Each structure stands twice: as structure tokens, then as C-alpha cells.
Amino acid sequence: DSATYKSTGTVSDYGNAIYIIDAQSGTLLHSIGNNDDDTDADTSNANPRATRTHSLNLPMMDSIPATPAVIDVDGDGAVDIIFAIDIRGHVWRLDVDKTEPLATIIDGGMIANLSSSTDNRRFYNQLDVSRSNFSLTNSDHLNISIGSGYRASPSSTETFRNNMYVIFDDYPNGNTPGTDRYNYVSTTASGSTTFGPITASDLPLTSTADPKSKEKAPHGFYRQLELGEKSLQKSITFNNTIVFTTFVPNGGGNSVCGGSLGGNRAYAIDAGSGASVLTERDETTDEPILHDGTEDAYGNLVDTDRNIV
């Protein structure tokens with residue numbers, strides 16, 4: 001959709017902002033977006049929002065099709081953090097400081113950039129945000145899980161592979177305000193240190209055969225899907241396990257009319273390493289085994305009878 005997806009990196013005119021309104025009166029309380037969002041060369045689509053200034057100006061350039069994830073960290077019934085992802089894979093974090101006056105209660109920035117200049121992965125799903133199990137991971141952080149997939153054309157087969165990404169946010173209780181507050185990655189070169197958001201290159205490929213712990217992957221990891229396989233729904237995390245499903249074109253047999261219906265798969269992976277947690281017991285030794293499938297080229301153990309990974 002050319003109106004909401006800008007593969008060239010130019011600013012989108014619609015859908016690239018977050019609005020917060022009073023649920024009873026409808027009064028606009030806050031808007032977060034790009035105050036330069038109607039400065040592209042196309043003058044035929046004048047945007048009336050260009051005359052209104054967002055209360056928080058962030059360089060949001062692409063539409064946000066998924067509902068933002070609203071997090072109450074301390075359990076007091078009020079919002080502490082809002083996470084959102086746009087269609088190209090930029091992950092935004094908004095912190096709500098309840099000690100501040102209404103006009104300045106929200107601050108935010110981009111904490112991750114999963115986009116690619118060559119592979120146009122699309123992100124339609126809501127972010128799945130959970131807190132790590134400290135007893136299992138020895139780390140108190142937020143797991144942010146998101147899968148890519150072209151929901152508007154599920155049967156298409158792109159030239160690139162979609163992924164399930166898991167990002168580690170080490171600041172569940174808020175972080176220290178400052179210039180680099182949302183730049184989680186530091187890079188030192190020629191004696192100079194710079195800071196920036198997490199990028200796809202900061203997330204190593206993980207698999208059941210080669211799981212990535214937080215020591216090996218401090219910012220998170222990703223699991224690679226098959227060519228054409230797509231994540232079309234939000235994942236669910238429970239007890240440090242991420243459960244998600246995928247759609248596989250031409251993977252589910254044919255209908256009576258001869259057309260392919262496609263197939264689906266269900267995954268259950270460890271939130272801290274990406275390894276599969278689906279196990280069975282050997283009837284003789286009572287040792288755990290990873291079902292009765294085989295490992296594919298991407299390190300996924302596939303039960304071909306039940307489409308479980």
C-alpha cells in the first residue's frame with residue numbers, strides 16, 4: 001500500500017502517529033509523531049495534520065498498523081510504558097512519568113530498527129511484551145517478540161525469509177533520562193563511543209541446535225522461517241515460553257477445486273534462548289526428546305506429521 005508503506009524511506013503521510021485521547025470526553029491528550037510528516041515532494045496529498053504540532057516529536061516515517069502494547073510494570077493500574085512497531089520494523093518505546101504534569105508526562109524514542117534496505121519485511125502484528133523469569137535467565141529485562149510477514153498477501157513468496165525476533169529491553173523499571181536514553185547499543189571506534197538503537201545485525205540467528213543465551217546475545221536474537229513462511233498473528237508468552245504460529249503457502253495440500261490451501265505451524269520457544277521447548281519422553285529411557293521430527297536447514301526441529309516446530 002503506497003499510502004502507508006514507503007520502501008524508499010521517505011515520510012509517510014498517514015498512519016504514522018500515536019494518539020491518546022480521554023475515553024469519556026474524546027479530548028485529545030497527546031499525539032506522538034513526526035512534525036515533518038508532510039514535507040515530501042508529493043504536493044497533491046496535502047495533509048491537514050501538518051498544521052498541528054505533535055506534543056512529542058519523533059521521526060516516525062511509516063504507518064503503524066498494529067495496536068500499541070500498553071504495559072503496567074508496577075501493577076498500580078496505570079500505564080508505565082507503551083511499545084509500538086511500524087510496518088517497516090521500527091520499535092518505539094514511550095515512557096509515562098506519572099510525577100510529571102500532563103504536558104510533559106510522556107517521553108520516548110526508537111529502541112530498535114529491524115528494517116532492511118533490501119528486504120522489505122512487513123510487521124503487522126502487535127508486539128508481545130513480557131518480563132523475563134529471573135530465576136531462569138538471571139536477568140531482569142523485558143522480552144519484546146514480533147514476527148514479520150506480508151499479511152495483505154499471505155500466499156506470496158518473497159525472495160527473502162521472514163523472521164521471529166526477540167528483543168531484550170534491559171530497562172523494565174524505566175531508564176535514566178538523557179541524550180542516549182533510547183540508544184541501547186554502544187559502538188567504540190577510533191577512541192570515540194557512539195550510541196544507537198538495536199538493529200537487526202545486533203540480533204544473532206538462534207536455533208534449537210545452537211541456542212543463544214543473553215550472555216551470547218545481549219540485545220536479543222531471531223529465528224529464521226522458511227522461504228514464504230509468514231507470521232500473521234501476535235505471539236503469546238507464558239512462563240518464559242513464546243508461542244506463535246505461522247502460515248506456509250502451498251504447505252497444506254490441495255482443495256477439491258485444485259487450489260492450494262496452504263499450511264500452518266505452531267512454535268514454542270524459550271524466551272531466553274530461542275530453543276524449542278516442545279519435548280517428549282523416550283518410553284525406554286524416560287529421557288526428554290524433541291518430538292519425532294528432523295531439523296531443517298534453519299535449525300528448526302519439525303514434526304512433519306503435526307506441523308509442530
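Both backbone and side-chain heavy atoms feed into the values below; hydrogens, waters and symmetry mates do not. Since we're looking at a predicted model, the values are computed, not measured.
Donor-acceptor pairing under 3.5 Å is lacking for the side chains of Arg88 and Asn120. A donor-acceptor contact closer than 3.5 angstrom is absent between the side chains of Thr241 and Asn239. Inspection of the Asp169 and Tyr171 side chains reveals no N or O donor paired with an N or O acceptor under 3.5 Å. Of the N and O atoms on the side chains of Thr27 and Asp22, not one donor lies less than 3.5 Å from an acceptor on the other residue. Of the N and O atoms on the side chains of Glu229 and Thr246, at least one donor lies less than 3.5 Å from an acceptor on the other residue.
His141 has its ring centre less than 6.0 Å from the ring centre of Phe168.
Among the candidates Ser145, Ser148, Ser231, the single residue satisfying the side-chain hydrogen bond (donor to acceptor under 3.5 Å, both in side chains) test with Asn125 is Ser231. The only option from Val73, Asp170, Ile81 that meets the side chain to side chain contact (heavy atoms under 4.5 Å, CB included) definition with Leu142 turns out to be Ile81.
Listed for the Arg223 side chain is a donor-acceptor partner under 3.5 Å among the backbone atoms of Gly274. Side chain of Lys230 to main chain of Pro154: a donor-acceptor pair is present (N/O by atom type, distance under 3.5 Å, no hydrogens or angles).
Hydrophobic clustering of Ile, Leu, Val, Met, Phe, Trp and Tyr side chains at less than 4.5 Å, counting indirect connections, unites Met60 with Leu56.
In this structure, Arg161 does not pair ionically with Asp119, as no charged nitrogen and carboxylate oxygen lie closer than 4.0 Å. Looking at Asp74 and Lys98, a side-chain N of the basic residue comes within less than 4.0 Å of a carboxylate O on the acidic one, giving a salt bridge.
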